[in-house]
Amino acid sequence: MPLRPGHKTVLQLTWPVLGEAALVVVVQFAPIALLDVGSYARFAAIYIAYAAAYSVILALLSDVWGRSLRTDTAEAYPSAVANIGSDKTAYYTVLTQLSLAGGFVVGVGTGAALGWGAVAFIAGLAAAFALYRAGSRYYQINTGGHLRAAVADMAAALISGATLVAIHSTGALNATGALTVWLAGSLVAVIVVREFHYSRTVGLRSWLRTHGHTARGLLAESVLMTASSAGTPYIVAAAAGLPAMAAIRAATSLLYPIRLILGVARSRIVAGSFGRTRGTMLGVAALSACCGLGLMFAVSGIGRLDFADTTLHLLGQNPASLGLLAAATFASTYLQFLARGILRGRALVVRRTFHTVAVVVSTAVGAAMHGVEGALLGSAVGTLITVVVWAIKLRDFRTSPNMSTATIRKDASR
């Protein structure tokens, strides 16, 4: 019996998920357990800047390209991919330009905040290579490069792990050491993936001339998204201090397996490889519940272990809040990716505005009232509200084969 397109997609994504999972354990989870709260807060601040830069790449390039593959049915998706033509050179040229710009901004920001030394140089390089790798993975997963993407991430995890062990054995693992681990893995991933395409005849300017209308809507939504995801930890720091900021950022990292699974599938969700059937939505709800229960029990176990003076210890005191946050994050993230492939700019911006207000206000108020515990609970409640925000009338929207130029039904903007 042949596999349905959705089932085949899930199988294809398994290896990339495992590859990136291995890399995340070394680059994001290890610092939570091994760095003191102050060092982790500095590393997290730099990583947040990288995440903001990646959101710009998604808005200007990756999701724009993904929307151009969207079809009315999941069954029609493969033929859309087969017709991408010469987009590859244009895609990688723009990706190179945006990655270099993002790395420069992260490096300069790090230098201004933490000093113009090795930390700024390493942060800039790590961000640039990581941005290129992330954008390349997005393209590969939509064009049959699943195994190559997985091998690149596995190799990166191996080298990052070896670097982590070497630095930790010297007793010099701090924020700069964690950045070095990240840089080593990102560099290896870019080398292993072997996707280097550049043309002087195409670039960001010509890309935006062609896709500017779609990109502007996605970028406006991404600015609000970044204000929520990247700005909230800084607001929490101002309201309740560095421990609360570290806890919020660490909670985000603990939730990364959720974002990992959906993030790897993101290009397929945006492009329409997954449908919006009742069965799919029930599956999302079930997986959300599993994620919440799983993290709650895992954090309860962590709370009984000896991680004194680490950020992980702070999280171990709040299993229920983290469980609720995990469940809400899975459902909300899936719906957001779905919406980025379906909704026009104004509808996206309106929903993202409500999303940002809900998360920022709820988390900040919780932090101001009850410190770490309040921040985590407030974040969970705010994220739960966003599930409703993204789900409202989403099924009313319809797509056409090319979302870059498609005219969507009038009721879609209501």
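The residues of the chain are indexed from 1 along the displayed sequence.
Of the candidates Y138, Y91, Y54, S62 forms a side chain to side chain donor-acceptor pair (under 3.5 Å) with just one, namely Y91. Of the candidates V25, V24, I32, V24 is the only one forming a side-chain contact (heavy atoms from CB on, under 4.5 Å) with Q28. Between F354 and the options I385, T386, V389, V388, a side-chain contact (heavy atoms from CB on, under 4.5 Å) holds for only V389.
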Under 3.5 Å, which donor-acceptor pairs do the side chains of residues 162-172 form with other protein atoms, sequence neighbours left out?
residue : atom : partner : partner atom : Å
T163    : OG1  : I159    : O            : 2.8
S169    : OG   : V165    : O            : 3.2
S169    : OG   : A166    : O            : 2.7
T170    : OG1  : I167    : O            : 2.6
T170    : OG1  : A172    : N            : 3.4

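If you take CH2 on W65 and OH on Y139, they are separated by 5.5 Å, rounding to the nearest 0.5 Å. A distance of 11.0 Å separates CG in L282 from CG in L287, rounded to the nearest 0.5 Å. Between the OG1 atom in T93 and the CH2 atom in W207 there is a gap of 10.5 Å [rounded to 0.5 Å].
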### Message
Let's go through L187 and I191 carefully: what are the C-alpha distance in whole Å and the side-chain angles of both, what is the deciding distance for side-chain contact (heavy atoms from CB on, under 4.5 Å) to 0.1 Å, and is it a yes or a no?
### Response
CA-CA 6 Å; L187 174 59; I191 293 173; 4.0 Å; yes

### Test side-chain contact (heavy atoms from CB on, under 4.5 Å) applied to M281 and Y334, step by step
CA-CA 10 Å; M281 293 307 180; Y334 181 88; 4.2 Å; yes

### Query
Should V26 and V181 be marked as a side-chain contact (heavy atoms from CB on, under 4.5 Å) after you check the CA-CA gap, both sets of side-chain angles, and the distance that decides it?
CA-CA 8 Å; V26 180; V181 170; 3.9 Å; yes

### Query
Passes side-chain contact (heavy atoms from CB on, under 4.5 Å), H355 versus T383? Steps please.
CA-CA 8 Å; H355 176 119; T383 305; 6.0 Å; no

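The backbone N or O of Y132 sits nowhere less than 3.5 Å from a side-chain atom of S136 that would complete a donor-acceptor pair. Judged purely by atom type and a 3.5 angstrom limit, T110 has no side-chain atom pairing as donor or acceptor with the backbone of A120. Formation of a donor-acceptor pair under 3.5 Å by the R133 side chain with backbone atoms of A149 is found in this model. Judged purely by atom type and a 3.5 angstrom limit, T356 uses its side chain to pair as donor or acceptor with the backbone of L224. A distance-only check finds a donor-acceptor pair linking the side chain of S55 to the backbone of A52 [under 3.5 Å]. Of the possible donor and acceptor atoms, none in the side chain of S99 sits under 3.5 Å from a partner among the backbone N and O of T96. Side-chain N or O atoms of N174 include one that pairs as donor or acceptor with a backbone N or O of G177 at under 3.5 Å. Listed for the S186 side chain is no donor-acceptor partner under 3.5 Å among the backbone atoms of F129. Side chain of R351 to main chain of W390: a donor-acceptor pair is present (N/O by atom type, distance under 3.5 Å, no hydrogens or angles).
Contact of the L255 side chain with the L295 side chain is registered, since non-hydrogen atoms from C-beta on lie closer than 4.5 Å. Taking the side chain as every heavy atom from C-beta outward, L98 and L131 never approach each other to under 4.5 Å. The shortest distance between side-chain heavy atoms of L204 and L208 falls below 4.5 Å.
Donor-acceptor pairing under 3.5 Å is recorded for the side chains of Q336 and S332.
Between W182 and Y47, the ring-plane angle classifies as tilted under the 30° and 60° cut-offs.
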